[in-house]
*Asks:* 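Sharing a structure below in structure tokens format, with a few things to ask.
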Amino acid sequence: MQICDAATSFGGPLCGFSSSSPKILIKGGTVVNAHHLEASDVYIENGIILDVKPNIKVGDDVTIIDASGKFVMPGGIDPHAHLAMEFMGSETIDDFFSGQAAALAGGTTMHIDFVIPPNGNLSAGFESYKEKAKNSCMDYGFHMAVTKWDESVSKDMEIMVKEKGINSFKFFLAYKGSFMVSDESLLEGFKKCKSLGALPLVHAENGDAVFEGQKRMIDLGITGPEGHALSRPPVLEGEATSRAIRLAAFVNTPLYIVHVMSIDAMEEVARARKSGQRVVGESVVSSLLLDDSVLWDPDFNIAAKFVMSPPIRGPGHAEALQAALSTGVLQLVGTDHCTFNSTQKSQGKHDFRKIPNGVNGIEERMILVWDTMVASGRVSVSDYVRMTSTECAKIFNIYPRKGAILAGSDADVIVLNPNASFEISSNSHHSRTDTNVYEGWKGKGNVEVTIAGGRIVWQNDELNVVPGSGKYVEMPPFGYLFDGISKADENYISSLKAHVKIQNY
Ligand SMILES: NC(=O)NCCC(=O)O
Ligand SMILES: [Zn+2]
Ligand SMILES: [Zn+2]
């Protein structure tokens, strides 16, 4: 496979593509939205979907894509990726350009990255990530991490939401000594998020207990990658998930739990949702497909590539999370794409605590979810669109510009052939990393065409990506999860007032 990079000698036209935004007609396919599925054509001009109806007639200047027997769907939106992230003494091997090129080859046309602010300074973090992202070849948005609490963070959160297009903040309950925040800071952060209409995101593991668990393993002489899983068991994810959810209930704010990896965490999300609390549970591809036996591989390089946090869990968790996703207990699928190559991972060869945490997935997500959830019969094609694209667009308040095949939506579209097949290999993937946690994975279905911003960027197994062509997508506050929150607050306050009155008599 070939990446055609218009900024290099592999110019777009050399790949047989135009790098401009052409007029495109996708003909004869089945158009799938989260709400509806119909036989229809899709007409695209100037980066926008102009028409969706059967038998659209066009002139000779239009590029025709034959989608007979195939599904035409919104491009995937990955709610969780880390590109050019500095973490654990390394920087991810995928930057915005290479990670996004890989994403486009796999049918994802937008991702939301996490700004990790230096010394907790949000404004500086935003500027540095805008710089990192300037070579983007697909659209992207930002979540902002809050790694400490003080007045300047509180003020900066306001600036991020009101001026910079950020509507979500991530709080880490793990990574003691670096990103981890206290419950006090978490509470302050939740209150601030709520007042701004921004969604709090939580990495839920008990960081103090993880620290203790790591010490236990090292004291026992367990220094290999298996020590990573053993030191941070599901109970610590369950505890932190429960704590975050209960504190969110206390504040009455919506909450989003990132990378739900275990039954323990998933059941906390399920319990909260059943009680009516607005909690979103994000699965990631690794949580749905892998089990932790890989961490016991005698080859360090193989075992280390699977080290991520929270860890990949033991047998049974993946199937339970698939079931939770198919029944709506979990709402969407991300990747937590955060790639470190073998050399970077080997910095933890003698101490699992030093292995940079993270796995790949941004390129593989769409086909692996298709194979695992749709080809297996677990969910419908419309549900697939919902969990890989539409739900993310709705939660982060960019629907229907993103996440839909509708007239007026951005022309981020894929053509998926359910009768094709795929095989994953680090030799042919487009990420810069030298390993793949899905190495050798084979399955049914493949993304044959990706259109991003109205340009054909992936066709005939060739990429035609242009650095700088991706746009920053501003995400406005007060998405649908905030509907009715103030009404519930009013009712709560009047019930308190009524109570006080009774006590006074
Ligand atoms: N998940 C992981 O191992 N790396 C990325 C950082 C995070 O999301 O916690
Ligand atoms: Zn995390
Ligand atoms: Zn992450």
Side-chain angles (χ1 to χ4, degrees), residues 78-95 99 103 111-117 125 129 140-147 168-181 186 189 199-207 210-211 214 225 227-229 231-232 236-237 240-241 244 255-262 265 280-288 290 292 294-295 303-313 332-341 344-345 347-348 352-362 365 392 431 433 435 437:
D78 186 345
H80 190 151
H82 303 272
L83 303 177
M85 180 200 193
E86 287 150 60
F87 189 35
M88 298 180 73
S90 273
E91 180 164 344
T92 57
I93 193 78
D94 277 322
D95 60 14
H111 75 112
I112 314 182
D113 214 279
F114 291 83
V115 175
I116 308 290
Y129 269 73
Y140 63 94
F142 287 141
H143 310 291
M144 173 66 69
V146 173
T147 56
S168 53
F169 294 90
K170 181 176 180 183
F171 300 85
F172 292 89
L173 302 185
Y175 306 129
K176 185 178 164 108
S178 59
F179 304 154
M180 181 172 135
V181 292
L186 185 68
L199 187 60
L201 277 47
V202 167
H203 173 132
E205 283 183 290
N206 185 315
V210 167
F211 189 74
Q214 290 176 327
H228 179 73
S231 64
R232 42 207 311 157
L236 302 188
E237 192 187 344
T241 308
L255 174 68
Y256 180 110
I257 305 288
V258 299
H259 48 42
V260 172
M261 298 297 290
S262 63
V280 173
E282 172 199 84
S283 62
V284 287
V285 184
S286 51
S287 73
L288 295 171
L290 302 173
D292 69 356
V294 288
L295 290 164
K305 73 178 172 176
F306 294 97
V307 168
M308 66 170 289
S309 293
I312 292 160
R313 302 302 186 183
L332 70 172
V333 191
T335 60
D336 202 2
H337 183 89
C338 182
T339 46
F340 298 98
N341 67 17
Q344 293 173 304
K345 289 267 181 182
Q347 91 190 19
F352 66 83
R353 295 172 299 180
K354 297 185 179 145
I355 302 171
N357 289 194
V359 300
N360 66 290
I362 204 164
R365 179 181 73 124
C392 180
S431 160
T433 194
T435 63
V437 295

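Note that ligands are numbered from 1 as they come in the structure, with each ligand's atoms numbered from 1 the same way. Note: hydrogens, waters and symmetry copies are ignored here, and every other heavy atom, side chains too, is used.
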*Asks:* State whether the number of non-hydrogen atoms from other residues, nucleotides or ligands found under 6.0 Å of Lys354 atom NZ is greater than 12.
*Replies:* no

*Asks:* Taking Gly334's backbone N and O only, do any of them form a donor-acceptor pair with His111's side chain (distance below 3.5 Å, no angle check)?
*Replies:* no

*Asks:* Is the side chain of Lys305 donor-acceptor paired with the backbone N or O of Lys345 at a distance under 3.5 Å, no angle test?
*Replies:* no

*Asks:* For Met88, is there any backbone N or O sitting under 3.5 Å from a side-chain donor or acceptor partner on Gln347?
*Replies:* yes

*Asks:* With a 4.0 Å heavy-atom cut-off, what residues sit around ligand 1?
*Replies:* His80, His82, Phe87, Lys170, Phe172, Tyr175, His203, His259, Met308, Ser309, Asp336, Cys338, Asn357, Gly358

*Asks:* At less than 2.8 Å, how many protein N/O/S atoms surround the Zn ion (ligand 3)? Leave waters out.
*Replies:* 3

*Asks:* Classify the side-chain pair Asn357/Ser309 by whether it contains a donor and acceptor separated by less than 3.5 Å.
*Replies:* yes

*Asks:* How long is the straight-line distance from NE2 of His203 back to CE of Met180, given to the nearest 0.5 Å?
*Replies:* 11.0 Å

*Asks:* Strictly under 2.8 Å, is any N, O or S atom of Ala174 next to the Zn ion (ligand 2)?
*Replies:* no

*Asks:* Determine yes or no for a side-chain-to-main-chain donor-acceptor pair under 3.5 angstrom, with Ser168 supplying the side chain and Leu199 the backbone.
*Replies:* no

*Asks:* Does the plane of the ring in Phe179 sit parallel, tilted or perpendicular to the ring in Phe87? Use 30° and 60° as the thresholds.
*Replies:* parallel

*Asks:* Test Phe171 against Phe169 for ring pair (Phe, Tyr, Trp, His ring centres under 6.0 Å), laying out the working first.
*Replies:* CA-CA 7 Å; Phe171 300 85; Phe169 294 90; 7.2 Å; no

*Asks:* Looking at Thr335, Thr339, Asp336, Asp94, which hits side chain to side chain contact (heavy atoms under 4.5 Å, CB included) with His82?
*Replies:* Asp336

